[in-house]
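The structure appears below as structure tokens.
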Amino acid sequence: MSMYQEGLKLLEEQFGNGKDNVISLATIAREPGIDGKPRPVVRSVDAYYEDCTFYVVTNAKSNKMQQIAENQEVSVAGCLEMFTANGVAENLGWVLDPKNAEIRTKLRTAFAEWYDMANNEKDENCCYLAIHLTKGTLNINHWEKLYHMDFVNKTDMENGGIF
């Protein structure tokens, strides 16, 4: 088994299997910082993980979705799991769109304790966000073993990663 495959297996164990994960999601603000340069914005979100993608229920009018509409490049981190990654965010559209039926079932199950309380599915701005991972680093046992993964090329990266 390659380092990449081993890392994927560990990611699935830590984030997958229908779990509700709280991760940090960083986007780029729509307005620059005081020096005129882009500035990051980070928040915690509940996310479901499957096949190198995190899924989030949100609102299309939220600040994060407006930021993503202008720049789809994002970063995520799972602090307890010591995982950091870059990804490309995609608005999958209204939760009740028939194309979202399969992921809707999975998210309603993973987020069953709070899904209906927190989301108004009748609102067409209630949408799903997919974060397709591109590169990331999984840090096992505080630097005992690092998995630097290139999710696009489906391989490990010997030098570097995201950390």
Side-chain angles (χ1 to χ4, degrees), residues 1-60 62-93 99-100 102-107 109-111 127-163:
M1 180 180 297
S2 72
M3 288 285 287
Y4 175 77
Q5 292 168 328
E6 193 176 312
L8 281 182
K9 183 179 177 201
L10 291 169
L11 282 178
E12 182 62 31
E13 289 172 7
Q14 292 184 12
F15 294 106
N17 301 311
K19 293 178 194 163
D20 178 352
N21 304 282
V22 176
I23 62 170
S24 296
L25 170 62
T27 55
I28 301 298
R30 292 180 291 151
E31 61 285 335
I34 57 173
D35 60 0
K37 295 179 182 177
R39 63 180 176 83
V41 179
V42 67
R43 79 280 288 151
S44 296
V45 295
D46 285 89
Y48 168 89
Y49 174 82
E50 181 178 283
D51 296 328
C52 304
T53 300
F54 282 102
Y55 296 90
V56 176
V57 185
T58 189
N59 189 290
S62 68
N63 199 35
K64 71 177 158 289
M65 293 306 287
Q66 291 177 38
Q67 292 163 346
I68 288 167
E70 291 186 21
N71 185 341
Q72 292 181 292
E73 295 287 331
V74 298
S75 292
V76 297
C79 294
L80 297 176
E81 291 78 14
M82 297 191 74
F83 175 67
T84 56
N86 294 129
V88 176
E90 175 188 10
N91 183 342
L92 299 178
K99 70 178 181 175
N100 287 326
E102 184 179 343
I103 194 62
R104 178 176 177 259
T105 299
K106 293 174 182 179
L107 292 177
T109 300
F111 305 149
C127 64
Y128 293 134
L129 169 64
I131 302 161
H132 307 288
L133 301 177
T134 55
K135 292 183 179 180
T137 296
L138 178 61
N139 180 336
I140 302 298
N141 294 328
H142 301 281
W143 304 90
E144 181 179 305
K145 191 163 189 180
L146 297 175
Y147 294 89
H148 302 298
M149 294 176 280
D150 179 336
F151 299 100
V152 174
N153 295 307
K154 300 182 185 324
T155 187
D156 58 295
M157 299 179 295
E158 286 185 33
N159 297 315
I162 310 299
F163 53 120

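With values rounded to the nearest 0.5 angstrom, Cys52 atom SG is found 13.5 Å from Ile131 atom CD1. Rounded to the nearest 0.5 Å, atoms CG (Leu25) and OG1 (Thr27) are 6.0 Å apart. Going from atom CG of Asn100 over to atom CD of Glu102 covers 10.5 Å, rounded to the nearest 0.5 Å. The structure places CG of Leu92 at 9.0 Å from OG1 of Thr53, a figure rounded to the nearest 0.5 Å. Considering OG1 of Thr134 and CG of Asn153, their distance stands at 10.5 Å, rounded to 0.5 Å. Atom OH of Tyr147 and atom NZ of Lys9 lie 9.5 Å apart (nearest 0.5 Å).
Within the 4.5 Å cutoff, the side chain of Leu138 has heavy atoms near those of the Gln14 side chain. With a 4.5 Å cut-off on side-chain heavy atoms, Phe54 and Leu133 count as touching. Residues Ile28 and Gln67 have side chains not in contact (no heavy-atom distance under 4.5 Å, counting atoms from C-beta outward). Counting only heavy atoms from C-beta outward, the side chains of Phe83 and Ile23 never approach each other to under 4.5 Å.
Only one option out of Asp156, Thr137, Thr155, Asn139 pairs with His148 in a side-chain hydrogen bond (donor to acceptor under 3.5 Å, both in side chains); it is Thr137.
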Worked check of side chain to side chain donor-acceptor pair (under 3.5 Å) between Glu50 and Tyr55: CA-CA 8 Å; Glu50 181 178 283; Tyr55 296 90; 5.1 Å; no

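With Asn21 contributing its side chain and Ala47 its backbone, the two residues share a donor-acceptor pair below 3.5 Å. Of the possible donor and acceptor atoms, none in the side chain of Lys64 sits under 3.5 Å from a partner among the backbone N and O of Val42.
Using bins of under 30°, 30° to 60° and over 60° for the plane-to-plane angle, the ring pair Tyr49/Phe15 lands in the tilted bin.
Closest approach of Tyr48 to Gly18, counting heavy atoms only: CE1-CA, 3.7 Å.
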